[in-house]
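Please read the structure below before turning to the comments.
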Amino acid sequence: AAHLAIDNNMVSAHLDCGDNDASFVAESTFSIDPKAPAITLSSAINRFTPSRFGLLPKYPGATICADIDIDAEGESWNTLTGHANVDNLSLKPVDSEGISMRHFGITTNQPSTGQSRIDISSDYLDGTLLGSFNLKTLGHSVLDVLSTAFPALVPGHQHDTPEAPRVNDFIFDFKIKETENLAEFFNLPVSVIYPVSVRGAVDQTSRDLEFNLSAPYLRQGSKLIENTSLSAYVDGREERARLNFCSSVPTKGGPMALEVKASGRNDTLRTTFGWKIDRQRDYEGKIRLATSFSRDEEGQLLTSVAFRPSTATFNDSTWTITPATINIKGRDISVDGLNVTHGNQYIHINGNVSPDPTSLLTLNLRDFSLDYLFESLGIDAAMLGGDASGTFYASEIYSGSPRLETPGLHVKDISYNQTVLGDAVVRSWFNTDNKAVELRADIDNDGRKSTIDGAIFATRDSLDLTFHVDRVPVGFLEHYMNA
């Protein structure tokens, strides 16, 4: 049943529905006078099945229950005073317990200082916004400040002093609480297990943006991520931006400290990516990049990433990254002269990636140590070793079945679990169906021939290999016999 009444600029409404998929009662009044907005709403949602109405198709048959209470008025939608509460909210799928939230509330008021204040309280998030708001233009305000440092990324914005009757000039302070059940239900990549602080400011008049995040502890599956922090600042008057990020993430070889530092202006961003793993041997590096942005005559974004001289150390071996360039235009990517060297060993990457199936990206190796690679990646299930020389080819990257292969990788003293089997020619390719690196190795050990066939499933830390050998050392079996 529904009832609607209009008295001058006030509209009153009553809705009552008893359907199996939508059972609720709602009463509301609201103003249709744009100069005096006001709204009240009281609703009890006893049962609502979103999938019956084309909503939340991922949860067919799931039901929502909630109590809603809204009461607010003001001179404009940006200066409302009042509250909006959602209590006893639950989402319950057919085959699981679901999730619930006892309370989510927003309170707005206008203190005597003339500033607006918004307070948020809930099971998962508490926070405050204080200052001047124009929600209609907030997105535009943020992009306008960003465009002072990177105009090519945000074209079409002017940087004059804002003339809107109410600008965005406010600070915010939020606390994200424990989200373990949310992360589990929605399959989120990380969950908060200790309160996360999020603070910052938007100053449209001075054209400044500030954002700070501090997360002491995050959980990713069984891994504990510690001491994560992110700070970003845009100074619109100086047309500069900066960003700092750090975190400690677990690896099989020990905790890895990550650090990113970036600064930019005039459509150029200089970035340093650093890492260091706490291990007996050195695993660390700093990659330095200079990224520039521009637009072509048709307005398409052009990105050029220049590698500056950098170093990376793996297993006590320091590799040098020489200057190189990656150019990006839409889905077209070209790599020119990306070279990583260590003594006589090198990795050379050149070529193109694009929707054109004939585009080819090549990776050339010379005397590249597979021991370092597998030890660095921590792939315990398959410790392959030896010095590899040859070429990998990548094509049809944007297709549903990209081609990644090497027709003949020459490996001197190929080893398995630190047992040398001989010299090998390895043919390998990536199987997109089972996400595995399949291979066939033909091994020559002083005239005795052996073969290895199978696949390595790096993401699952597993393998399936078949050995056909002729008098090779059996030491490669020791790892499995000890296990």
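Since we're looking at a predicted model, the values are computed, not measured.
- By the neighbour-count criterion of 12 heavy atoms within 6.0 Å, atom NZ of Lys261 is sparsely surrounded, having that number or fewer from other residues, nucleotides or ligands.
- In this structure, Arg331 forms a cation-pi arrangement with Tyr398, its terminal cationic atom sitting closer than 6.0 Å to the ring centre and no more than 45° off the ring axis.
- Rounding to the nearest 0.5 angstrom, the gap separating the CG atom in Leu361 from the OH atom in Tyr393 is 11.5 Å.
- Using a distance-only test at 3.5 Å, with no hydrogens or angles considered, a donor-acceptor pair links the side chain of Ser399 to the main chain of Glu396.
- Judged purely by atom type and a 3.5 angstrom limit, Thr251 uses its side chain to pair as donor or acceptor with the backbone of Gly254.
- In plain terms, the two heavy atoms of Phe104 and Ser122 that are nearest each other are CD1-CB, 3.4 Å.
- What you find for Asp123 and Lys177 is that their closest heavy atoms are O-CD, 3.2 Å.
- Looking at Asn350, its side chain never comes within 3.5 Å of a backbone N or O of Asp336 through a donor-acceptor pair.
- Paired with Thr128 under the rule side chain to side chain donor-acceptor pair (under 3.5 Å), one option of Asp119, Thr107, Asp173 passes, and it is Asp119.
- At least one donor-acceptor pair under 3.5 Å links the side chain of Gln345 to the backbone N or O of Ser369.
- Looking at Asp296, its side chain does come within 3.5 Å of a backbone N or O of Glu298 through a donor-acceptor pair.
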List the atom pairs, with distances to 0.1 Å, where a side-chain N or O of residues 215-224 and a protein N or O form a donor-acceptor pair under 3.5 Å, not counting sequence neighbours.
{"unit_1": "Arg219", "atom_1": "NE", "unit_2": "Glu180", "atom_2": "OE1", "d": "3.0"}
{"unit_1": "Arg219", "atom_1": "NE", "unit_2": "Glu180", "atom_2": "OE2", "d": "3.2"}
{"unit_1": "Arg219", "atom_1": "NH1", "unit_2": "Gly221", "atom_2": "O", "d": "2.7"}
{"unit_1": "Arg219", "atom_1": "NH2", "unit_2": "Glu180", "atom_2": "OE1", "d": "3.1"}

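- Closest of all the heavy-atom pairs between Leu301 and Ala152 is CD1-O, 3.9 Å.
- Contact detail for Asn8 and Ile32: the closest heavy-atom pair is O-CD1, 4.3 Å.
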Which atom pairs, one a donor and one an acceptor, fall under 3.5 Å between side chains of residues 53-71 and the rest of the protein, sequence neighbours left out?
{"unit_1": "Asp67", "atom_1": "OD2", "unit_2": "Asn88", "atom_2": "ND2", "d": "3.1"}
{"unit_1": "Asp69", "atom_1": "OD2", "unit_2": "His83", "atom_2": "NE2", "d": "3.0"}

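- Note that CZ of Phe185 and OG1 of Thr179 are 14.0 Å apart. Values are rounded to the nearest 0.5 Å.
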